[in-house]
Structures are given as C-alpha cells and as structure tokens.
2 protein chains.
Amino acid sequence: MSPVGRPLRPRGKLLQEDARRHHRSLLLQQLFREGPASRADLARTSGLTRVTVSDLVGELVGEGLVEELGAPAEARVGKPPTLVGLAADSTHIVALDLSADDRMSGAVVNLAGQVQARHELPIDGAQGADAVELVHRLASELIAMTDRPVLGVGVGSPGVVDAAGTVIDAPNLAWTDTPLSTSLAEALGLPVFVANDANTAVLGEHTFGQTGDGGLLVLRVGIGVGAGLVLEGSLLHGHLGAAGEIGHVTVDPDGDECACGRRGCLETILAAPRLRRRLAAPGADRAAVLTEVGERLGATLAPVVGTLNIHELVLSGPTELLDGPLREAADRVIRERTMPVSSAGLAVRTSTLGDDVVLVGAAVLVLSGQLGVS
Amino acid sequence: MSPVGRPLRPRGKLLQEDARRHHRSLLLQQLFREGPASRADLARTSGLTRVTVSDLVGELVGEGLVEELGAPAEARVGKPPTLVGLAADSTHIVALDLSADDRMSGAVVNLAGQVQARHELPIDGAQGADAVELVHRLASELIAMTDRPVLGVGVGSPGVVDAAGTVIDAPNLAWTDTPLSTSLAEALGLPVFVANDANTAVLGEHTFGQTGDGGLLVLRVGIGVGAGLVLEGSLLHGHLGAAGEIGHVTVDPDGDECACGRRGCLETILAAPRLRRRLAAPGADRAAVLTEVGERLGATLAPVVGTLNIHELVLSGPTELLDGPLREAADRVIRERTMPVSSAGLAVRTSTLGDDVVLVGAAVLVLSGQLGVS
DNA sequence: CCGAATAAGTAAGTGCGCTGAACTAACAAA
DNA sequence: TTTGTTAGTTCAGCGCACTTACTTATTCGG
C-alpha cells in the first residue's frame with residue numbers, strides 16, 4: 001500500500017450533500033468519457049446500486065443534462081436497457097481566451113467541447129479597467145448569442161492567476177490584483193472560472209486531446225512562454241498560482257537581455273516574436289536555428305521531465321515554428337538527457353486542438369467546476 | 001473561482017462510512033498539528049457541530065487514540081472546557097529504512113514521530129528473497145520491542161516502488177517486481193506501507209520539518225541521488241512511481257561514465273561515494289569542487305523550481321558534503337536562473353531531521369494511511 | 001407456444017451519520 | 001443571587017444510499 005492520489009491531509013468537512021454531488025459527477029463523468037450507457041451499466045461501472053443510479057439519473061434527466069436515447073440495436077437476453085446519454089446542447093458554456101495581444105476571443109461551447117459560435121473584440125491597447133470592461137462586453141455578447149442556458153463562463157487569462165480567479169499580475173493588460181472572477185460573476189450572475197492561459201491549455205489538452213494517464217506538460221509559446229501541468233490527474237497551481245512560470249528560467253547566462261531585466265531567459269530564444277525576428281535575419285539558417293533552440297529547450301525541460309515523470313509534452317503555439325526541427329531536437333535532447341525509464345513512455349508532440357486549446361480549456365474549467373467532469 | 005486541490009475527475013464512490021472516516025481524520029489532524037483542544041474548539045475549527053465532534057471524540061477515546069486531559073489552567077467566562085489530546089504512545093509504528101547499502105535500520109516510533117527504540121540488521125550482501133527475509137526479521141524483532149499495539153509498518157525502500165507497495169526495481173537488493181507490501185502484511189498481520197526512500201523522506205520533512213505550505217522537494221544524496229516531491233499537499237508518484245528519478249538526468253553530456261550506461265548523470269557528480277573520491281584526490285580544492293557541483297545542481301534544479309513553484313528545497317544526506325559551499329552555490333544559481341517571483345519565497349536548506357528523515361517519513365506513511373494524519 | 005432464465009428498472013423500508021434545537025452543567029461578573 | 005456565557009449532552013428528524021422484493025421485458029429451450 002501507499003498513499004496514492006488522496007491528499008495527505010483531509011480538507012474541510014464532508015456533507016451528505018457532497019457525497020450526492022460526487023456521485024452525480026461520477027455518472028456524468030462516465031457518460032462524458034464513454035458515451036451513452038444504460039442505468040445498469042452505470043451502476044456496474046460506478047459501484048453504486050441500480051436504485052441509486054436510477055434516482056440520480058432521474059434527477060439529471062429532470063434538469064435536462066441527460067436524456068434517454070431508447071434501446072440499443074443489438075438484442076441480448078433479458079429486458080433491453082434504455083440508454084441514457086449526456087445532452088451535449090442542453091446547456092452551453094461561454095469560454096474566453098485573453099492570451100492574444102491584439103484581440104480577446106471567445107466562443108460558445110457545448111458540453112462535448114464543440115465550438116458552436118465565435119466572437120472577438122479588438123483590444124486596441126485597452127488596459128486596466130478598460131480591458132476588464134472589454135471582457136465584460138465580450139462575455140455578455142457571447143451569452144446573447146446562444147438561446148440555451150449558460151452553465152458558466154471560463155476564462156483563460158495571461159499572467160499569474162490565483163486560486164480565487166484574481167489576476168495577480170498581467171503586464172500586457174496592466175492588471176494587478178484584479179478580481180476578474182468576482183467582478184464578472186457579479187455582473188453576469190453566472191459562475192465564472194478564471195485561470196492562467198497555459199493552465200487552461202493543459203486542461204483542454206488533458207480532456208480533449210489524445211492524452212493518456214501520465215503527467216502532461218503543455219508548453220505555450222506566444223508573445224511569452226508559459227507551461228501548464230496536469231500531474232496525478234490534478235492541475236498544478238503552485239502556491240500563488242505561479243506554477244508553470246518557465247518563461248523566465250535562464251537557459252543561457254550569457255544570452256540576450258530579457259524584458260524581466262535578466263539575461264538568457266527561455267523567452268529570449270523561444271517567444272514567437274523573438275524567434276521570428278531571428279529567423280528573418282539575413283543569412284539565418286532556419287533549420288539550424290530551430291534545432292539549436294529545440295536543443296536548448298530540451299536541455300531545460302529534461303530535468304523537469306525526469307523529475308516529474310512527465311509522459312506527454314505538448315508544444316502549443318505557431319506550428320510552423322514548433323513542429324519541425326525544433327520539436328525533433330527537443331525530443332532528442334530530452335531522451336538523451338533522461339534515463340530510459342523516464343523517456344521511454346514519453347511523447348513529444350504539438351497540440352491536436354490548434355489555436356482553440358485555451359478556449360476549449362476554459363470550457364473545461366467550467367465543466368470541471370460545475371459538473372465535476374473533465 | 002478555479003479548480004483547486006480537488007482532482008479533476010471524481011474517483012470511486014463515496015460511502016457515509018467514508019465521511020465518518022474523513023471527519024475522524026479531520027479531528028485527529030487538528031490534534032496532531034495544533035496539540036490538545038476542547039471538543040468545542042474542534043467543532044469550531046472543523047466546521048462540524050459540537051454534537052458530532054463529541055460523538056467522534058468519544059469513539060477515539062474508546063479506542064485509546066485520544067485521551068482527556070482535564071481543564072486548562074486559565075480561567076475564562078463560562079464552563080471550563082475539557083481538553084482532549086492525541087495519546088502519542090497509545091499505539092506505536094514500526095518504521096524501516098532500507099536505503100543504506102550495508103544495513104537495514106528500523107525504529108519504533110510513536111504517533112508524535114518520536115523514536116522510541118532502534119534496531120538494525122547488517123545486510124551482508126543479502127539479495128533477492130534473502131533480503132526480503134531480512135526485512136521480515138527486522139520488522140518482527142521491532143514489533144517485539146514494544147508492548148503497545150502496532151498501528152502499522154512503514155518502509156522506505158530504495159528503487160522504484162509502485163502505488164501498491166511493490167518494488168518494481170531495486171538493483172542493490174536485486175529486487176524486481178517484489179511485492180514487499182503484500183508479503184509483509186501477510187506475514188505480520190498488520191497494515192504495511194512501502195514507498196521509495198526519497199518519497200518517505202519528503203513525507204518526513206513535510207510533516208515533521210519546519211516546512212510551509214508551498215511545494216517541497218527533498219533531494220536525497222547517498223549511494224545514488226533521488227528526489228521526492230510534495231506538491232499541493234500531495235505526494236507526487238508519477239505514472240509508475242517513477243517520479244523523482246533525477247539522479248540520471250544528464251548535467252554534462254561530456255561528463256564521466258555512469259552505471260546506467262550514459263554519461264554525465266547528476267549521480268556521477270553528486271552521489272556521495274563519487275563526490276568523496278573526487279574530494280580525496282590529491283590536490284583537490286574542496287571548496288572549489290563543492291561549489292562547482294552545487295552550481296551544476298542549481299542549474300539542473302532551476303527549471304524544476306521555476307516550473308513547479310517549489311518553495312522549499314531540502315538537501316538530505318551527508319551534511320559535511322551538502323551543507324556548505326555546495327548548498328550556497330546551488331541556492332545562488334537557482335536564484336540567478338529563475339524569476340524573482342519563483343525564487344523570492346524559496347528556501348534552500350539541509351534537513352532538520354538528519355539521518356532519520358527516511359525513518360520518520362516511513363512512520364508518516366502509516367500515520368497518513370491509517371489515521372489520515374500528516 | 002409456453003414456461004424458465006435473464007436482465008433492467010421501480011417501490012418500499014432500513015440504517016447510518018449529521019444537524020438543529022433544547023437542555024444541563026459550570027463558571028465569572030454584576 | 002441573578003445574569004450571561006461557554007461546554008457538552010440528549011433527542012427528534014432529515015438526507016442519502018443500501019437491501020429486499022417486485023414488475024417489466026426480452027431470449028432461449030423444450
């Protein structure tokens with residue numbers, strides 16, 4: 001035996017109500033991941049009795065979240081089951097991605113993670129309160145774009161975001177200690193979940209990408225560089241939400257100067273604008289540059305991969321930069337620099353969700369927070 | 001809001017019985033960390049009602065785990081409370097440390113983590129089944145050394161240990177897929193918990209060291225080098241229990257050959273025997289060597305510290321090697337190579353528990369597994 | 001074609017664990 | 001002594017999931 005998964009210390013009291021919610025989530029989770037099933041199937045997989053499952057399913061059907069789908073085609077002995085499945089469009093989610101520097105984009109997403117409508121607003125240099133106002137507008141306009149009830153609003157924001165959904169620090173938008181979650185929730189009258197964009201990205205990838213059960217690290221490359229991690233099935237926050245701040249780890253003490261005042265941060269070689277500039281320089285050997293950057297990235301990530309037993313490393317950002325010599329070099333160096341036990345199960349790839357990772361991940365924030373599903 | 005702490009997906013069904021156990025742990029935890037308290041105090045801090053607390057405390061007193069301590073000295077308004085406290089010696093724990101190469105050591109530990117008796121057996125080159133036999137003997141002899149009931153047996157073993165307590169691979173003892181936990185539990189008729197020695201070390205430090213709430217990494221330096229991590233209040237296992245395998249991360253591609261067949265692994269510069277040999281070489285400048293090793297260690301750990309928002313880095317092993325220029329250099333380089341947000345809250349130090357970390361941590365395995373306390 | 005077997009789903013009753021409200025006990029201050 | 005405050009207990013009741021027993025719906029073997 002060994003203490004696995006469970007936090008070392010108990011947190012807070014546990015009501016019967018919590019048990020009920022937990023079991024509700026258990027069923028929703030099953031339907032979410034494995035698709036329609038009969039009540040009896042749900043009872044078998046969840047370990048609950050058929051009675052309890054029927055009761056819970058009845059409740060969910062009453063709410064419209066789950067719908068009866070009739071009997072399956074194949075005929076077996078006994079009474080044919082009635083399949084029930086998640087009603088993906090019974091409720092919609094509003095998801096926002098604030099990580100671009102020129103616009104805020106958002107979408108209406110259904111419970112299956114499919115984008116139903118899109119909308120965006122240009123930032124036009126808005127900062128501070130103006131930028132908050134812009135977020136409010138974007139959210140409201142998206143809510144108006146669906147006729148379904150809205151389960152909640154999920155936001156992937158740049159910068160450091162704490163567990164309460166307050167943006168501690170986001171230089172681009174000039175936000176410091178901005179209680180985005182609270183103000184949005186108040187204005188909209190809906191549950192709002194805010195997290196760092198790299199964190200929502202890793203959630204999106206974890207839930208809707210082709211990922212396994214091992215540790216997952218998503219490296220987001222854009223204006224800056226950030227990472228999000230899912231370890232042991234949980235999102236890693238760090239003490240003040242500062243986990244994943246890999247962009248300003250030094251990769252070369254003698255490297256270029258960085259905006260943070262130090263030298264040779266990962267961002268100085270990997271952030272998209274910097275890297276593009278370097279590739280556009282006269283006489284630059286594209287493959288050589290990308291390989292060199294990939295190698296440095298690999299050397300930086302190797303200790304992380306080895307220490308955390310990461311199984312999947314996903315590069316998210318401009319594919320034309322990331323998915324070629326850069327990825328290959330990073331992959332190779334990580335394998336060279338970690339023991340086979342660690343690297344054997346490792347996959348290094350680019351995101352299958354493309355530019356929507358953050359958006360879809362923001363929806364996962366809501367799915368997870370409201371339904372306990374991911 | 002943001003999904004915090006809670007795993008993203010619900011795991012398994014939840015009985016009322018579990019709620020009861022959870023609340024039991026909640027009270028034990030409070031008594032364990034904050035010392036004696038009245039029933040009313042417990043009710044306030046736990047959020048449970050006085051009724052429920054009284055009931056649970058009654059149960060715990062009945063089992064002997066908790067005892068009434070009478071009224072406190074100071075007089076306040078109202079009926080004076082009766083303090084209750086953990087009966088530290090009501091039950092004992094048998095803890096084993098198998099990480100040394102020449103002997104297996106063990107201890108009888110009380111619920112407060114205090115060592116009550118020690119015992120050890122020389123390994124004398126025992127391997128495979130013989131080594132397992134030796135563990136059985138050590139455990140039995142320790143159980144015979146206390147007259148109190150034994151809560152359980154905790155084992156810190158070298159090598160990779162999975163969540164079920166099976167030693168997947170431990171070269172020194174020639175164990176592969178050895179179900180140590182199961183075989184011990186069967187032979188002794190007691191609950192047995194087995195984990196990797198670095199993992200037990202981090203548990204020991206987390207529970208009995210002067211640690212805060214942030215991420216904690218314990219680096220164990222001995223014959224090999226390994227790490228254990230506590231993140232967000234949970235022990236990190238990795239997919240097959242392979243988290244913390246930092247010893248064979250390459251720090252210098254052109255370095256010395258390593259037992260694993262590759263070159264320049266962290267172990268080749270940091271493992272105690274290697275480092276001692278290098279320091280003993282004629283003409284070696286002790287401070288310079290230790291500083292250089294510390295710098296390399298810092299460079300390796302910087303990405304890990306930055307990415308995980310580690311708050312405490314504890315070096316555990318021979319103090320005369322670790323606690324001087326080496327620690328200082330590592331500390332300095334990590335600070336140079338991570339952004340101030342990450343490194344500001346960081347403390348780099350050696351263990352306050354000395355050689356007993358693994359042993360005490362093995363006891364924590366039992367405390368956590370059996371009482372939900374840590 | 002009909003009973004036996006099998007499986008899904010429903011209904012009623014039971015037990016467990018927690019809660020709120022009321023109650024007793026023990027003290028300090030007025 | 002009275003009043004107010006705090007600690008701890010008793011008791012009725014509620015929510016949740018369980019067990020048991022039943023109905024419904026189908027296939028299979030004779």
Side-chain angles (χ1 to χ4, degrees), chain A residues 10-28 30-31 36-63 66-85 372, chain B residues 10-28 30-31 36-63 66-85 372:
Chain A
R11 314 190 227 243
K13 72 169 167 177
L14 206 58
L15 265 35
Q16 291 168 245
E17 197 187 324
D18 297 317
R20 182 107 177 145
R21 224 196 333 275
H22 180 89
H23 291 152
R24 238 178 85 107
S25 295
L26 209 58
L27 301 187
L28 285 172
Q30 173 75 14
L31 296 175
S38 74
R39 292 169 171 79
D41 286 336
L42 291 173
R44 277 185 289 265
T45 53
S46 68
L48 296 166
T49 60
R50 290 207 305 274
V51 182
T52 307
V53 170
S54 271
D55 191 32
L56 283 164
V57 167
E59 190 178 296
L60 292 169
V61 169
E63 293 173 29
V66 160
E67 54 193 359
E68 294 207 342
L69 302 170
E74 9 113 32
R76 271 178 308 154
V77 198
K79 175 179 172 179
T82 31
L83 295 179
V84 293
Chain B
R11 316 191 224 241
K13 72 168 166 176
L14 206 59
L15 266 34
Q16 289 170 252
E17 197 187 324
D18 297 315
R20 182 92 175 160
R21 224 195 335 272
H22 179 89
H23 292 151
R24 236 179 88 105
S25 296
L26 210 57
L27 301 187
L28 286 172
Q30 173 73 14
L31 296 175
S38 73
R39 292 170 172 79
D41 286 336
L42 290 172
R44 276 186 288 267
T45 54
S46 68
L48 297 165
T49 59
R50 292 202 305 272
V51 182
T52 307
V53 171
S54 273
D55 190 34
L56 283 163
V57 167
E59 191 179 296
L60 292 168
V61 169
E63 291 171 30
V66 161
E67 55 193 359
E68 294 207 343
L69 303 170
E74 8 112 33
R76 270 179 308 152
V77 196
K79 174 179 172 179
T82 29
L83 294 179
V84 294

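All of these numbers come straight from a predicted model, not from anything done at the bench. Chain letters run A, B, ... following the sequence lines, proteins first and then strands; every chain starts at 1. Worth knowing before you read on, the calculation uses all heavy atoms, side chains too, and leaves out hydrogens, waters and symmetry mates.
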Taking the side chain as C-beta and beyond, is there a heavy-atom pair between [X] and [Y] under 4.5 Å?
{"X": "A:T49", "Y": "A:V53", "value": "no"}
{"X": "B:V84", "Y": "B:P36", "value": "no"}
{"X": "A:L56", "Y": "A:H23", "value": "yes"}
{"X": "A:E63", "Y": "A:R24", "value": "yes"}
{"X": "A:L42", "Y": "A:L31", "value": "yes"}

Do B:R20 and B:D55 sit within salt-bridge range, that is, some charged N less than 4.0 Å from a carboxylate O?
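B:D55 and B:R20: salt-bridged.
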Trace of the side chain to side chain contact (heavy atoms under 4.5 Å, CB included) decision for A:R44 with A:R39
CA-CA 9 Å; A:R44 277 185 289 265; A:R39 292 169 171 79; over 6 Å; no
How would you label the contact of B:R50 with the nucleic acid (heavy atoms, under 4.0 Å): base, sugar-phosphate, or nothing?
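Base: the residue B:R50, judged by heavy atoms under 4.0 Å, touches a nucleobase.
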Counting primed atoms, P, OP1 and OP2 as sugar-phosphate and everything else as base, the B/S/- map of nucleotides 11-19 of chain D against protein heavy atoms under 4.0 Å is B---BBSSB
A:L28 vs A:V66, test: side chain to side chain contact (heavy atoms under 4.5 Å, CB included). Steps then yes/no.
CA-CA 8 Å; A:L28 285 172; A:V66 160; 4.1 Å; yes
Quick check on D:dG8: is either OP1 or OP2 less than 4.0 Å from any side-chain nitrogen or oxygen of B:T82?
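True: B:T82 side-chain N/O within range (under 4.0 Å) of D:dG8 OP1/OP2.
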Give a yes/no answer on whether the side chain of B:S54 brings an N or O atom under 4.0 Å of OP1 or OP2 in D:dG8.
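For D:dG8, neither OP1 nor OP2 has a side-chain N or O of B:S54 closer than 4.0 Å.
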In whole Å, what is the span from the CZ atom of A:R39 to the P atom of D:dT23?
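Going from A:R39 (CZ) to D:dT23 (P), I get 20 Å.
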Please write out the pairs of protein N or O atoms and N or O atoms of nucleotides 1-6 of chain D separated by less than 3.5 Å, giving the distance to one decimal.
from  : atom 1 : to    : atom 2 : distance (Å)
D:dT6 : O2     : B:K79 : N      : 2.9

